[in-house]
There are 2 protein chains.
Amino acid sequence: MTTSDRDDGRFSYEGLDRIIHERARLSVLTSLVAHPKGLPFPDLKRLCGLTDGNLSRHLAVLSEADLVSLEKGSAHNRPQTVCRLTASGRQRFIGYLGVLEQVVRDAAEAAERGPDAGRRGLDPVTKPA
Amino acid sequence: MTTSDRDDGRFSYEGLDRIIHERARLSVLTSLVAHPKGLPFPDLKRLCGLTDGNLSRHLAVLSEADLVSLEKGSAHNRPQTVCRLTASGRQRFIGYLGVLEQVVRDAAEAAERGPDAGRRGLDPVTKPA
DNA sequence: GCCGTTACTTTGCGGCGCAAAGCGCGATGA
DNA sequence: TCATCGCGCTTTGCGCCGCAAAGTAACGGC
């Protein structure tokens, strides 16, 4: 047998929150958790390699979900939006990271266990050039 | 200073392949890497907690991208599709996992470094000078 | 005043995830 | 023998989303 009933959902990873599990937003949240004092919009943009519009959109989503707070003020006679993780955002992000870690563990373990197990169906595994 | 030029893209994680970085497909790939001999459609469906339609769609995408192979045959007088990781799929997935691991490391490290660093900024909003 | 730059926001579109409906087919039963 | 059921997928349809390009606003030289 290949699977048993109690394996149902073994790899479903329901904790991968749709809001967080998105490349750009993952970037943003990681940047923010690494800069707990907050980051101005342009810095965040550079760190994440995002365009203005893109970052704006994602920040709106994250803010809507109360994962980040946006403090719109001004500095050097210019508008400045400082972005921060909220306390609950931090919690949710850390929870998400736990799931992500589980994914990596599951997969890495499996990948290591049988690099050429079941070779019947798989092409011979070749090294990357 | 908050960021320096050479930090550009520090958290952009370009290796997070759009095809792979999707909850359902991540489930599928992890299941498959854990079962190198392949999995029949219904087993995969249960492992991943997906609906038929959903799994079908994602398999089509993964197959299109040559990450998985679909072997349509029959067993017990019933149609049976066996899904397997391709060799290149395996490599790409492993590459992706490396990036994911980096994300987890970056974030976990940062989160641990300052669980309450900059805490003042989290709820009471303070103005940067 | 005009032009360029900075700091965002809005708009438009293509694509995607998801659930519900559909299809094919063998087994079952009247 | 012919409907009916259930299993194994596939297709359809809708709504949301990511992304880039265009738009707005406000300041700083010239």
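Naming: A, B, ... by sequence-line order, numbering from 1 per chain. Everything numeric here is computed off the predicted structure, so don't read it as measured data.
Note: CD1 (B:Ile19) to C1' (D:dG18) measures 14 Å, nearest angstrom. Atoms CG (A:Leu44) and C1' (C:dA7) sit 13 Å apart, rounded to a whole Å. At whole-Å resolution of the value, CZ in A:Arg25 and P in D:dC19 are 9 Å apart. The separation between B:Lys45 atom NZ and C:dA19 atom C1' is 13 Å, rounded to whole Å. Here the P atom of nucleotide C:dC16 and the NE2 atom of A:His21 are 15 Å apart, to the nearest Å. When rounded to the nearest whole Å, the span between CG of A:Leu50 and P of C:dT9 equals 14 Å. The separation between A:Arg46 atom CZ and C:dT6 atom P is 9 Å, rounded to whole Å. Distance CD (A:Glu64) to P (D:dG18): 13 Å, rounded to an integer number of Å.
In this structure, the side chains of A:Arg46 and A:Asp43 come closer than 4.5 Å at one or more pairs of heavy atoms. You'll find the side chain of B:Cys48 stays beyond 4.5 Å of the side chain of B:Leu55, heavy atoms only. In this structure the side chain of A:His21 reaches within 4.5 angstrom of the side chain of B:Leu26, judged on heavy atoms. The shortest distance between side-chain heavy atoms of A:Tyr13 and A:Asp106 falls below 4.5 Å.
Neither OP1 nor OP2 of C:dA27 sits under 4.0 Å from any side-chain N or O of B:His76.
Test B:Leu32, B:Leu70, B:Leu29, B:Leu85 against B:Leu62 for side-chain contact (heavy atoms from CB on, under 4.5 Å) and you get one pass: B:Leu29.
The heavy-atom pair separating A:Val99 from A:Gly15 by the smallest distance is CG2-CA, 3.9 Å. The nearest pair of heavy atoms linking A:Val104 to B:Leu97 is CA-CD2, 4.3 Å.
Distance from the side chain of B:Pro42 is smallest to D:dC9 among D:dC19, C:dC18, D:dC9.
The backbone N or O of B:Ser69 lies less than 3.5 Å from no partner atom in the side chain of B:Ser63, so there is not a single donor-acceptor pair. At least one donor-acceptor pair under 3.5 Å links the side chain of B:Ser27 to the backbone N or O of A:Phe11.
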Enumerate all atom pairs, one protein N or O and one N or O from nucleotides 3-7 of chain D, separated by less than 3.5 Å.
{"unit_1": "D:dG6", "atom_1": "N2", "unit_2": "B:Arg78", "atom_2": "NH2", "d": "3.4"}

Can you give one letter per nucleotide of nucleotides 10-16 of chain D, 5' to 3': B if a protein heavy atom sits under 4.0 Å from the base, S if only from the sugar-phosphate, - if neither? BB-----

